[in-house]
Trainee: 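Pasting in a structure now, in structure tokens, and then I'll have a few things to ask.
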Amino acid sequence: MQNTGIYKHIQRSNRNLLAVNICLVLSVIATAGMNRRYLYNFFFGPFPIDNQTLLSNTTPDGRLQYFFKIRGSESLNTGVQEVEREVSKSTGETKNETVKAHYLALVIEQKLLLVKTPNANDSKEFTGALITLPNDAREKIVNEAEAEFPALRGVFLPLMLDATNFRNSGYIGLGVGIPLFLLGVWNLFNVVKRKENIENHPIMNDLKRFGSPNEVAFKIDSELQIAGDKSTIGPAQITPSWILRSHFFGLEILNLNEIVWIYKSVTTHYKYFIPVGKTYAVVIYNRQGRLLEIPCKEQEVNSIIEQVINYVPWVVAGYSQELQDVWQKNFSQMIEFVDMKRQEISN
């Protein structure tokens with residue numbers, strides 16, 4: 001078995017599955033590592049913070065804890081809003097406006113802490129990420145307020161509490177990252193299981209449809225060796241009894257005697273309603289209703305179909321809507337036709 005081409009496909013698919021999922025698991029771990037500060041605050045915050053610590057905290061960006069619940073004596077509406085506008089590309093006119101956030105000033109002893117919140121209210125307690133005061137907020141709110149009311153100079157803290165849905169991005173990240181991590185671990189487990197026992201590999205399970213997997217593998221390999229390079233047409237390998245199409249994670253195998261219907265698929269691609277190219281594929285249906293599609297160049301498609309018909313001339317070849325309807329409504333009728341045609345040719 002280890003000397004057969006099938007075994008090499010099994011090794012290749014195991015190697016590819018291992019490499020891809022190691023990268024997947026490491027990518028999730030690396031992403032979590034790069035966001036470890038956020039994740040720490042996501043899971044263990046919000047943290048309490050007293051006024052003395054808050055007033056002396058001028059560089060929050062470098063601190064491990066930055067997701068806080070902060071309470072002041074009063075909140076003041078600055079009147080400044082963050083507005084999202086939908087603008088027409090053709091006219092430049094504003095079609096719609098949505099208020100995304102409001103800016104409040106929270107009184108902390110003799111100081112003011114700017115708070116960005118999704119709702120304008122008179123709450124005295126807010127929960128969010130404590131960050132360095134952004135330049136745009138400093139220019140639009142703080143500088144203008146100090147210019148209009150000189151007594152406010154030095155009153156605003158160089159900080160801002162962003163109370164707009166701190167955990168939302170975390171929920172999205174966990175919703176994506178955890179399934180990806182589990183998928184990677186599960187696939188790595190499958191690789192180990194397949195390496196311990198080759199019979200667990202999907203390719204071997206597929207071969208069981210035709211008999212003993214080892215014997216079938218040797219038969220396929222023998223026919224491939226006899227056919228040599230002539231068996232390879234594009235991404236497919238064809239022998240008098242088999243058609244194989246390898247893909248990144250495995251191998252699709254069909255016995256030619258299983259084939260019922262084969263035709264060329266042509267897909268026209270458009271860009272702005274203008275045809276920009278075509279792609280081609282061989283479409284094969286077998287007796288179990290299984291579909292095998294082999295994308296390749298048009299000349300290769302024609303050669304594969306010609307070769308298959310040469311080996312099994314009783315198959316239905318070509319596409320029509322009538323054939324599609326028969327296959328979808330009662331494909332057993334098409335199988336009976338193929339069996340009858342095969343018997344006529346054999347006799």
Side-chain angles (χ1 to χ4, degrees), residues 6 9 13 201-211 213 216-217 219-220 223-224 227 230-347:
I6 297 295
H9 280 294
S13 66
H201 200 281
I203 293 177
M204 295 296 287
N205 288 329
D206 199 23
L207 291 177
K208 290 176 183 178
R209 296 188 294 124
F210 311 109
V216 174
K219 289 179 181 178
I220 294 173
E223 291 194 11
L224 287 172
K230 295 180 181 179
S231 66
T232 302
I233 305 176
Q237 289 180 293
I238 304 174
T239 74
S241 304
W242 307 92
I243 181 167
L244 294 80
R245 186 233 173 180
S246 64
H247 53 83
F248 194 72
F249 292 119
L251 179 70
E252 292 180 278
I253 305 169
L254 274 183
N255 186 287
L256 297 189
N257 289 321
E258 288 187 302
I259 297 177
V260 177
W261 185 19
I262 184 170
Y263 63 87
K264 177 169 70 174
S265 170
V266 182
T267 304
T268 303
H269 300 275
Y270 294 86
K271 187 173 184 179
Y272 303 115
F273 306 103
I274 301 173
V276 293
K278 295 180 179 180
T279 54
Y280 304 88
V282 180
V283 178
I284 301 174
Y285 287 97
N286 73 354
R287 303 177 75 87
Q288 289 76 41
R290 180 178 174 182
L291 167 67
L292 173 61
E293 187 169 343
I294 308 174
C296 47
K297 298 177 182 177
E298 184 177 18
Q299 186 177 354
E300 293 169 345
V301 169
N302 295 334
S303 298
I304 291 172
I305 294 175
E306 182 181 347
Q307 188 75 294
V308 169
I309 294 174
N310 182 52
Y311 287 135
V312 282
W314 48 81
V315 300
V316 177
Y319 179 86
S320 71
Q321 188 58 50
E322 183 180 358
L323 288 173
Q324 184 69 46
D325 293 340
V326 172
W327 181 260
Q328 290 180 343
K329 295 176 182 178
N330 187 11
F331 72 86
S332 60
Q333 181 180 344
M334 193 178 291
I335 294 174
E336 290 175 3
F337 171 80
V338 169
D339 289 341
M340 184 173 63
K341 188 177 177 182
R342 178 179 182 179
Q343 189 173 3
E344 290 176 357
I345 294 174
S346 300
N347 293 336

Trainee: Name the orientation class of the two ring planes belonging to Trp261 and Tyr319 (parallel below 30°, tilted from 30 to 60°, perpendicular beyond 60°).
Mentor: parallel
Trainee: Would you compute the distance between atom CD1 of Ile238 and atom CG of Asn310 and round it to the nearest 0.5 angstrom?
Mentor: 10.0 Å
Trainee: Can you name the residues that form a ring pair (Phe, Tyr, Trp, His ring centres under 6.0 Å) with Phe249, not counting sequence neighbours?
Mentor: none
Trainee: Quick one: salt bridge (charged side-chain N to carboxylate O under 4.0 Å, His left out) pairs with a partner in residues 269-294, sequence neighbours left out?
Mentor: Asp206-Arg290, Arg287-Asp339
Trainee: For the atom pair OH (Tyr263) and CG (Leu323), what is the distance rounded to the nearest 0.5 Å?
Mentor: 10.0 Å
Trainee: Taking atom CD of Gln324 as the centre, report whether more than 12 heavy atoms of other residues, nucleotides or ligands fall under 6.0 Å from it.
Mentor: yes
Trainee: Count the heavy atoms of every other residue, nucleotide or ligand shown that sit under 6.0 Å from CD of Gln321, and state whether that count exceeds 12.
Mentor: yes
Trainee: Quick check on Glu306: does its CD atom have over 12 non-hydrogen neighbours (other residues, nucleotides or ligands) under 6.0 Å away?
Mentor: no
Trainee: To the nearest 0.5 Å, what is the distance between CD1 (Ile294) and CD1 (Ile233)?
Mentor: 9.5 Å
Trainee: Just by modelled atom types, is the Leu292 backbone N or O under 3.5 Å from a matching donor or acceptor in the Glu252 side chain?
Mentor: no
Trainee: Counting only heavy atoms from other residues, nucleotides and ligands, does the tally under 6.0 Å from CD of Gln288 exceed 12?
Mentor: yes
Trainee: Indicate the atoms forming the closest heavy-atom contact of Pro235 with Glu300, along with that distance.
Mentor: CD-OE1, 4.2 Å
Trainee: Atom NZ of residue position Lys297 - does it have more than 12 heavy atoms of other residues, nucleotides or ligands inside 6.0 Å?
Mentor: no
Trainee: Which heavy atom of Ser13 sits nearest a heavy atom of Ile203, and at what distance?
Mentor: OG-CD1, 4.4 Å
